[in-house]
Amino acid sequence: MSYASFQNHAIDGSTKTSDWLDALPECTSLQRMLRRLVFRSRSTIYRGAVTWQSGGGPIGSKEKTVVLDGCTIDEIGFAQCRRFASWRQAKDAAAANPHEHLLNRFRDLCRALTLKGKRGDVKKEIQLRWDDATQSLLKQGLDSVDLTAPQMAKLLNYCREGHYVSKTLTDGLLKYALSKPDFADGFKGKLLGATIKCFAQLSGLYGQDAVDEDKNLERFLVNLVDSGKRRGVFASDSMGARELANCIHTLGLVFPNKRKSLKQSDEKQADGPKQGLPNSGIPIEEKLVEAVEEMAVEFCEKATMSCEPQLLAKALLGCAQIGLTDPKTVKQLTRVLQLNLANYGIYGGYTIAHILQALHGLGSTSEDLIRLLGEHAKFAAPDLTPDQLCANIRGFGRVGFGRSDVVGTLAKTLSKKHNVMELTEGQIASTVKALGSVGYSSKDVLLAFGDEILKDYRMSRTTPHQLGNIMLGYGGAGFYSSLIMARVMGDIVERFEEFNVEDSINVVHGLGMVRLRMLYDKMTASATKFLELFAERIKKDGVGGVAMGDLCRLAWGYGEMGYIDKEMMDVLTGGIVELIREGGDISDKDLTLVLEGCANIMHPCSKDFMEIVREWVRKRLSRADDPHLVASILRSKAVMDDLVPWDYDQFCLRLLELQSRGSCLNRPIMDSLEDATMHAIVVHEHNPNKKILAQLKDVRESDVKEEVRFTRLLKNIVTAMKEIGVQYKVGERIEVYPGGSILVDVYVEGKDRTRIAVLCETQQQYSMNDPDGEFQLMGGAIFRKRLLEKLGYQVVNASCYLTKVGRKTFIVESLSTLNCITMNG
């Protein structure tokens, strides 16, 4: 049956199944023919559309002609072609609504990148077409397009989604928006938050330096938030907790430390007037901070106990980064967080780390709040990735929370082999530093990180900053491994030229905290070499630009290591004096560090520096609230022989006052107080406070009686005295006041009743280097010798650097000179 007869029979309904089967081959052939006709028609229409779109130019088989601004014929394919009539309609619509045509153009570019993926050549070509579209827009002029606020928001969103960053485009949009007096009022509700987010993200992508210089961007964003504040948008239902959190977070990312900037601008009025908002005279920094404070208050009111933790983290982080310091607002934020922690499920991911970073920036480190975060982190630890574990440990390190059941759980989970192997060198270094900052000292955990970082391929990739953090972390943790530390220090010395000042200070500070553990180790040579190299750099380049805290840490590190270089220490203390003269301030902790360093090596400080110390005693001692710092400064002044009776009395009164407020005067504090009390009694013949004497007596009576350690040096000295027939006493106690005494290693009495104290000085009592050709006694040994001499004793310092034979000769010569008892033989 033919197809025509089949069609006629089909109409009258007389067809049979066999007739269908007979006509099927012809129907299939006809279908193929119709498909070819449709294909050719579509191709003709498609080429006509392209010819119209490209201005009527020829279309060759090897040419790529643009169909849309973001795609070519080869890229877009026939599936996305348009009919010729549709192109005509688009042309007419573009003429009638130029801004809609513009938005469609940018929308197509955004979709092209989304559809075509992340192939490098496609991304590059699309980026060029973004630039062409931007140039076309700016050449046409935004005024002629007459963009409205919602249309600008759409345009920015297309750019953000397409990852297109153009300072030319953002500058043009900013100038256009700022030229319209009430343009910011056109952003309603959620649109306001979305625009802030888009501008902040696009601007943040081209560098913080550019943001700092771009005052138009700052003015526009402040206009937006000021407009929202004036119109009550933040308090309206159209902006919920999510939108407010996003606004606060993005403003904090792009404009960090605005509160600090505002304070600096207040201190520098002579540099010129502040840049303010048009016709307002109000500084933009102040407007921005005030707006963020209002958004934070509204966020606290809209955030419920079931609010997502990520939103809380964003809001807190934004407030911390912008420098919000209002105590009332900070208290509200932390209250919302505390309620959420108590009622929400377990926090996970990076949320806890971000919250800890924010709390540190806000200066709010409530023990109860940190404890709650710690409980969440402990339960979430098994489900966290290595990156998240690392971030959480760093967060707890920032706030100084080192409870073993929390940090220990995180650290032990992270130290498992399969987790450590996934960490980068930077993550390992920052984790070790964080553990050191909270004093976490698990040997197994720290060894796991050390063994991983020692692998050759990792050591070759570590940066000086990372090596400095490793040394600082191990020092803070009180951890010492000869293998790990020697390898790290050897690498540091080899790459010394790559180290900047900050990284070198971290190394020195870390060395100072592990000095006593490395005295008899092969690492000592590498450490001494590094200290020598860095000291030469300081003397050559000076310390210009180094912060106060870093200068004090550096002075403490060199002093604690026992590295004597008078010229270098003069540069450090001189830099501190210069910073204070320029208006800087030295904290109680920094003053404690630099004084301890100078006292350890008995550095003769300048009069200007010591005047700063005396000024601190006169004006700030009464406000000092840490008994450890007060006691440390007291002892350092005593060792340096700069403690007068009036200062001693003031320190004692302050310590007693802190004790009455609940502070504990523990054993290290009492040891420092005991040294200062002996100095006041022996050197100045001063009568100490009776309460202090009673407490010192109670401490000593409760202690196990201290005994002399029979070191190899002491045994050699005693043997030599026996051989030459000298009468002696080992471990003699010389009382200074009831309950307080100085322990002497060996006591000898001469013919004319001369009292001789032999002190066996171990390596710990000597300097690390020999600036004058011989090792120098450290401050503690000199202080003890001074007290004994004031008490009428002749002091003999027996050095550990004498040989076994030399020790006998030294004793014979010393005791003969002092007219000791006649020696037998």
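Since the structure is predicted, the reported quantities are computational estimates derived from the model, not experimental observations.
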Closest non-hydrogen atom pair between [X] and [Y], with its separation:
| X | Y | value |
| --- | --- | --- |
| Met678 | Ser741 | CE-O, 3.3 Å |
| Val730 | Val718 | CG2-CG2, 4.0 Å |
| Ile586 | Cys552 | CD1-SG, 3.9 Å |
| Val617 | Leu621 | O-CB, 3.2 Å |
| Leu665 | Met670 | O-CG, 3.7 Å |
| Ile782 | Leu777 | CD1-O, 3.6 Å |

Got a second to check how far [X]'s [atom1] is from [Y]'s [atom2], nearest 0.5 Å?
| X | Y | atom1 | atom2 | value |
| --- | --- | --- | --- | --- |
| Ser767 | Asn600 | OG | CG | 12.0 Å |
| Asp451 | Ile484 | CG | CD1 | 5.5 Å |
| Cys664 | Ile669 | SG | CD1 | 7.0 Å |
| Leu531 | Met568 | CG | CE | 8.0 Å |
| Thr431 | Phe449 | OG1 | CZ | 5.5 Å |
| Asp626 | Asp588 | CG | CG | 8.5 Å |

Side-chain contact test, heavy atoms from C-beta onward, threshold under 4.5 Å: evaluate it for [X] versus [Y] and give yes or no.
| X | Y | answer |
| --- | --- | --- |
| Ile601 | Tyr563 | no |
| Asp590 | Ile576 | no |
| Asn469 | Val432 | no |
| Lys637 | Ile633 | yes |
| Val644 | His686 | no |
| Phe534 | Leu554 | yes |
| Leu454 | Arg458 | no |
| Glu582 | Glu578 | yes |

In plain terms, say whether [X] and [Y] are close enough for a salt bridge, that is, a side-chain N and a carboxylate O under 4.0 Å apart.
| X | Y | answer |
| --- | --- | --- |
| Glu761 | Arg784 | yes |
| Glu536 | Lys539 | yes |
| Lys607 | Glu611 | no |
| Asp491 | Arg487 | no |
| Asp625 | Arg661 | no |

Report task. Applying side chain to side chain contact (heavy atoms under 4.5 Å, CB included), run through Ser430 and Cys390 and close with a yes or a no. Result -> CA-CA 8 Å; Ser430 60; Cys390 181; 4.0 Å; yes
Just wondering, are more than 12 heavy atoms of other shown residues or ligands nearer than 6.0 Å to [atom1] in [X]?
| X | atom1 | answer |
| --- | --- | --- |
| Lys455 | NZ | yes |
| Arg618 | CZ | yes |
| Glu735 | CD | yes |

Test your reading of the model: is there a side-chain donor-acceptor pair from [X] to the backbone of [Y], 3.5 Å cut-off?
| X | Y | value |
| --- | --- | --- |
| Asp745 | Cys760 | yes |
| Arg398 | Ala353 | no |
| Tyr440 | Ala411 | no |
| Ser632 | Leu629 | no |
| Tyr648 | His679 | no |
| Tyr558 | Ala535 | yes |
| Ser504 | Asn500 | yes |
| Arg654 | Val630 | no |

Query raised in the report: Considering residues at least two apart in sequence or located in another chain, which fulfil the salt bridge (charged side-chain N to carboxylate O under 4.0 Å, His left out) criterion with Glu498?
Result: Arg495
Query raised in the report: What residues form a salt bridge (charged side-chain N to carboxylate O under 4.0 Å, His left out) with Lys589, not counting sequence neighbours?
Result: none
Query - Worked verdict on His603 versus Asp570 for side chain to side chain donor-acceptor pair (under 3.5 Å) - result: CA-CA 9 Å; His603 175 69; Asp570 284 339; 3.0 Å; yes
Report task. Could you point out which residue of Val501, Thr573, Leu579, Ile505 forms a side-chain contact (heavy atoms from CB on, under 4.5 Å) with Leu551? Result -> Leu579
Query - Verdict with reasoning, Met610 to Met640, per side chain to side chain contact (heavy atoms under 4.5 Å, CB included) - result: CA-CA 10 Å; Met610 294 310 298; Met640 298 172 72; 4.1 Å; yes
Requested in this report: Fit a plane to each ring of Phe401 and Phe396, take the angle between them on a 0 to 90° scale, and name the class: parallel (under 30°), tilted (30 to 60°) or perpendicular (over 60°).
Outcome: tilted
Query raised in the report: Stepwise, does the side chain to side chain contact (heavy atoms under 4.5 Å, CB included) test hold for Val758 with Val744?
Result: CA-CA 7 Å; Val758 180; Val744 173; 5.9 Å; no
Query raised in the report: Does the side chain to side chain contact (heavy atoms under 4.5 Å, CB included) test come out yes or no for Leu447 and Phe479, once each step is laid out?
Result: CA-CA 9 Å; Leu447 274 175; Phe479 171 81; 3.7 Å; yes
Query raised in the report: Could you walk me through whether His628 and Asn666 pass the side chain to side chain donor-acceptor pair (under 3.5 Å) check?
Result: CA-CA 9 Å; His628 292 86; Asn666 55 24; 2.9 Å; yes
Query raised in the report: Under the ring pair (Phe, Tyr, Trp, His ring centres under 6.0 Å) test, which residues partner Phe530, sequence neighbours left out?
Result: Phe496
